[in-house]
Amino acid sequence: SSLLKIIAGLASPTSGTVIVNGERDNRRIRKMVSFSSEQPFLYEFHTIEETIQFYEGVFPDFQRARAEELLALLRLDRRQRIETLSKGNYSRLKIALTISRIAPLLLLDEPFTGLDPLVCE
């Protein structure tokens, strides 16, 4: 987890250097990395739709159409509040948000925690 946070530009190493696409470990590398932490990081009072709108405003490379496709595939209701999501649905949403960015590097820290296998009908 610590190394992933350093690579994502969210933490600084105590020694050594991390280079991502030619950039040293600094806050600019966050533009190149789409990171999903193992820790909860979404605003619990938001709905899924409000979370998508937040991502659109914060990440210029966020692709709403991709997010909407993933929400449908994962059977997530955009009206649902984050605080009401099961652990599995919260994990699904984090994955959908992370891969809906067009970033050269995707980092997923324990992405399958709480997920049951998807059942296809």
Side-chain angles (χ1 to χ4, degrees):
S1 292
S2 296
L3 178 59
L4 294 178
K5 288 176 186 172
I6 292 168
I7 293 169
L10 300 174
S12 297
T14 54
S15 64
T17 303
V18 171
I19 298 173
V20 177
N21 283 350
E23 286 281 337
R24 295 182 78 92
D25 50 349
N26 61 46
R27 297 176 70 84
R28 287 191 308 256
I29 63 176
R30 281 195 258 173
K31 294 178 182 178
M32 294 181 268
V33 179
S34 184
F35 175 63
S36 178
S37 173
E38 69 172 317
Q39 300 296 319
F41 58 87
L42 302 174
Y43 293 119
E44 290 186 352
F45 55 88
H46 276 179
T47 62
I48 291 175
E49 175 61 34
E50 290 167 332
T51 301
I52 289 173
Q53 291 171 2
F54 176 79
Y55 263 64
E56 283 181 305
V58 172
F59 301 108
D61 62 352
F62 185 78
Q63 304 294 304
R64 178 183 260 287
R66 180 184 286 187
E68 289 176 355
E69 284 178 36
L70 290 167
L71 290 180
L73 176 70
L74 299 171
R75 299 181 186 138
L76 294 172
D77 181 352
R78 70 185 65 241
R79 297 168 297 179
Q80 194 168 8
R81 291 215 173 277
I82 302 303
E83 65 193 355
T84 66
L85 294 174
S86 67
K87 188 173 184 177
N89 281 343
Y90 190 93
S91 292
R92 285 183 184 95
L93 178 59
K94 288 189 333 182
I95 292 169
L97 293 169
T98 303
I99 64 177
S100 292
R101 288 187 54 205
I102 307 299
L105 183 60
L106 298 176
L107 295 177
L108 301 154
D109 191 2
E110 298 191 33
F112 303 116
T113 301
L115 285 182
D116 294 327
L118 288 177
V119 178
C120 298
E121 297 176 4

Discussion item. Same cluster or not: Leu105 versus Ile102, using hydrophobic residues (I, L, V, M, F, W, Y) connected whenever any side-chain heavy atoms lie under 4.5 Å apart?
Written reply: no
Item to complete: Kindly determine whether Phe62 and Ser34 satisfy side-chain contact (heavy atoms from CB on, under 4.5 Å), including the steps that lead there.
Response: CA-CA 10 Å; Phe62 185 78; Ser34 184; over 6 Å; no
Worksheet item: In Å, rounded to the nearest 0.5 Å, how long is the span from CD of Glu49 to CG of Leu76?
Response: 12.5 Å
Worksheet item: More than 12 non-hydrogen atoms from neighbouring residues, nucleotides or ligands closer than 6.0 Å to CD on Glu38, yes or no?
Response: yes
Fill in: Whether Arg78 side chain and Ile48 backbone form a donor-acceptor pair below 3.5 Å
no
Practice prompt. Could you tell me which non-hydrogen atom of Ile82 sits nearest to which non-hydrogen atom of Leu42, and how far apart they are?
Written response: CG2-CB, 4.1 Å
Worksheet entry | Connected via hydrophobic side-chain network under 4.5 Å: Leu74 and Leu108 | no
Worksheet item: Which pair of non-hydrogen atoms, one from Ala103 and one from Met32, has the smallest distance, and what is that distance?
Response: CB-O, 3.7 Å
Worksheet item: For the side chain of Arg101 and the backbone of Phe35, is there at least one donor-acceptor N/O pair under 3.5 Å apart?
Response: no
Worksheet entry | From Leu4 atom CG to Leu107 atom CG, the distance as rounded to the nearest 0.5 Å | 5.5 Å
Worksheet item: Would you find more than 12 non-hydrogen atoms of other residues, nucleotides or ligands less than 6.0 Å from Phe59 atom CZ?
Response: yes
Worksheet item: Rounded to the nearest 0.5 Å, how far does OG of Ser100 lie from CG of Asp61?
Response: 10.0 Å
Worksheet, complete the sentence: Value for CG (Leu97) from CG (Leu71), rounded to nearest 0.5 Å, stands at 7.5 Å
Fill in: Polar side-chain atom of Arg66 near backbone of Ile99 as donor-acceptor pair, under 3.5 Å
yes
Response to the item:
In this structure, OG1 of Thr51 is separated from CZ of Phe41 (nearest 0.5 Å) by 9.5 Å
Worksheet item: Side chain of Glu68, backbone of Ala65: donor and acceptor closer than 3.5 Å?
Response: no
Practice prompt. Could you grab the distance from atom CD of Glu69 to atom CZ of Arg64, nearest 0.5 Å is fine?
Written response: 13.0 Å
Worksheet item: In this structure, which one of Gln80, Arg79, Arg75 forms a side-chain hydrogen bond (donor to acceptor under 3.5 Å, both in side chains) with Asp77?
Response: Arg79
